[in-house]
Amino acid sequence: MAKVIVDVPAKQTDRPFDYLIPANLLGCISPGMRVVVPFGPRKVQGFVVAVETQSSFDHLREIIEPMDIEPVLNEELLYLSDWLTEHTLCYKISAFQVMLPPALKAKYEKKIKLKSRPFIHELDEAIRPFFYEKDILHWDEVLKSGQLSVFQKSTAAGKLEVLYEVKERVKKKQVKMITSLVKKEDLDRLEIKSGKQKQVLEYFADNPESIERKYLLKTLNISSSVLKSLIDKGWVEETVKEVYRDPYEDRIIQKTEPLKLTNEQSAAIGPILSSIEGEKHEVFLLYGVTGSGKTEVYLQSIQKVIAQGREGIVLVPEIALTPQMVNRFKSRFGDQVAVLHSGLSVGEKYDEWRKIQRKEVKVAVGARSAIFAPFENLGIIIIDEEHETSYKQEDNPRYHARDVAIERGKRHQCPVVLGSATPSLETFARAKKGVYKLLTLSRRMNDHNLPDVQIVDMREELRDGNRSMFSRILHEKIEERLVKKEQIVLFLNKRGHSSFVMCRDCGYVIQCPNCDISLTYHRFNQQMKCHYCGYEAMVPNVCPECGSDHIRYFGTGTQKVEEELGKIFPEARVIRMDVDTTSRKGAHEKLLTAFYEGKADILLGTQMIAKGLDFPNITLVGVLSADTMLHLPDFRSSEKTFQLLTQVSGRAGRHELAGEVVIQTYSPEHYSIELAGEQDFDKFYQREMMMRKVHQYPPFYYIALITVHHEELLKVVDTIEKITRFLHSRLSRNTLILGPVASPIPRINNKYRYQCLIKYKREPGLTQILKEILDHYGKEAHTNGLQVSIDTNPFILM
DNA sequence: AGCACGCCGACT
DNA sequence: GTCGGCGTGCTC
């Protein structure tokens, strides 16, 4: 008997169901395998979590078939799924699915079949023609026909039968291989009339090993009919071979050797190496300024792990996972590296994952979900840019890769290295307390200085009559670089053209009809777009409120800056990088390469250019507006601003040429901007810690966020109030409960949102209490659409 | 999640 | 009297 978690993400099915193992499969079914099981009238995918001899349930049904020969989840990952479920309060099935490549998620098909040909005469005329030429009909054809009830009646009468199928999402890629069956010495004895056929066999005489079919056709310039007759004669053989899709196929990668470490690097790597050697679990914070050579420390630590016969995981933020970054690992470790990131197709991800599972690689480099790489003998886990918020998944299961890393580190008795120039406050606080070991790299490699940073008060510019988006000083410095043929990076944390569209007469701001948020103007198609629900509309000619035609665009996005640059510096060649210009596959890389090769003077972009860029000719970085994030309703907004400004500044002057940074702002006195200007993380840390203490936020308190969503405002308010009252009755007096209040964006996609924030220091029963809430309201989600979501460590409070 | 079962109002 | 609306409960 097998205990199976079925692929039905709902409260009521979030427990194991027991199934008999059919006699022919006895011994073939083990925990961690996917199986197809009957569930009610249909078939679903399930995960075997245990194999036992007894069941408390009498009427067991049988497993239909296994979907794997080997388990896809090993023992550790099964354990980890329990941990995930417990910590993020998600369904078991969601935990399994997040740990596996999407290719392994089942695809369901529903069909209807004529049970037996003669029945066709007994079918209702309305549906009879559907079965004239075939017995099986896709369910969507049934729905499209508008005759659903007739189909149902015939099904009930036993004339038709509903089929449920569970399918694999992706096939293993196969190629056709050709092998010669003729030995070289036998060649002359054959009567070969055709010159082409002879040519093929002669080729094989010199190259006896198998060759890919399409490659053979191309190199010998023959048609497939030549091959066909050879196969018919039994002189060559065609076979299929399973291959990996290789996203890095046509790239030539030069091998690199370990670099000599600086004194600081050697001092930092020492404790990591001894932790690897001693197979000891420790968490290190590698705190190193931008350009201080953290990556080399990672590379050499991994080297050690590989030498020990163990494996390593390296997490890199999605936007920093550039080919440049990947190449650094591939060039050191060659084909021992698997790369997992969102740019890959489902099939490519699956193949990279299989390389790990089959132990064909030693290192996995990837974004957040790579933390679940199915290694069995981990020797190190590295998280680069540890403070990045993209390590937190914002939908279920709402896990933080850092927490998962530490949990896996404990199981494998291996070190976890968190690297950053601007660590998150939580991490730095732990490092200061000694919970994590602090390793510092305070100097840039080759002793290049950190760039000079200048903060410009844009209010003053305005007062002096400069209404442009460029301050005089930035304008001047851009001109200077253009003359000197040095490169410039301009950063603006807002894509699109303008952030909102407003009527100048009455002040009406055009809003999304489904969400409580203003629409963003996109120039290229003259449309306004909602970044939350995707709603699009044309810009109105007159104000919908007062009828005035003074419609104006406010707030500046990258598109508008690009236009402006064209006007002010017509000679400058500009590359714009944001979600809109990099969505096509490979576009990201292409733009960066072009910039690297000097095909542009100015790189203008959003977040995505803040990281990893390491180009020698960049000597000026301009931050057009440092404030965009500062005033968001989020207790981490100062931290995020500081981190971003520091990261962007770090792009300048990394090599021989000295770098300069200009930061434009309307709040130059704000400590996160001022201290980013001084590039003084330690001082920032102290200031921000004081703020967090006063306002009772992490790392002084833990937080949990409960959000209720529903189309009816009343229902939402009523529910969140009940939940809040329940929390007050159950939580300790030292715990703070904020709210209920409307979420900062009170309505998204026509659903109202109210929330309540719990801040606590010690609350041992919290998980249990939160589970009770989910249990209680979980049923309602299904019946009336009321949605209660809980995040036990929220990063976005909106 | 799906699906069946079952109980009420609007029709042939 | 029957068809079809959707509220309720179950799936090993």
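Computed from a predicted model, the values in this text were never measured in an experiment. Quick note on labels: first sequence line is chain A, next is B, and so on, each numbered from 1.
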| said: Of the listed nucleotides (B/dC3, B/dA1, C/dC12), which one gets closest to any side-chain atom of A/T13? | reply: B/dA1
| note | Among B/dC3, B/dA1, C/dG4, the one nearest any side-chain atom of A/P41 is B/dC3
Starting from [atom2] on [N], measure out to [atom1] on [X] and report it in whole angstrom.
X	N	atom1	atom2	value
A/E109	B/dG2	CD	C1'	17 Å
A/R61	C/dC10	CZ	C1'	12 Å
A/Q54	C/dC12	CD	P	20 Å
A/K11	C/dC10	NZ	P	17 Å
A/I21	C/dC12	CD1	P	16 Å
A/R42	B/dA4	CZ	C1'	12 Å
A/K110	B/dA1	NZ	C1'	12 Å
A/Q152	B/dC3	CD	P	10 Å

| query | Between the side chain of A/H138 and the main-chain N/O of A/D140, is any donor-acceptor distance below 3.5 Å? | reply | no
Categorize [X] for me: base, sugar-phosphate, or nothing, with a 4.0 angstrom heavy-atom threshold over every strand shown.
X	answer
A/Y19	sugar-phosphate
A/Y91	nothing
A/P16	nothing

| Neighbour count >12 (heavy atoms, 6.0 Å) for atom CD, A/E772 | yes
| Is a salt bridge present between A/D718 and A/K715, judged by a nitrogen-to-oxygen distance below 4.0 Å? | no
| request: Report the C-alpha distance between A/Y108 and A/D7 in whole Å, list the side-chain angles of each, state the deciding distance to 0.1 Å, and finish with yes or no for side chain to side chain donor-acceptor pair (under 3.5 Å). | output: CA-CA 11 Å; A/Y108 296 102; A/D7 179 19; 2.7 Å; yes
| message | Evaluate A/H776 against A/F726 for ring-ring contact (aromatic ring centres under 6.0 Å, His included), listing each step before the verdict. | response | CA-CA 12 Å; A/H776 188 259; A/F726 175 71; 8.2 Å; no
| request: Tell me whether A/F57 is stacked on the nucleobase of C/dC12, counting only the six-membered base ring and applying the 5.5 Å and 30° thresholds. | output: yes
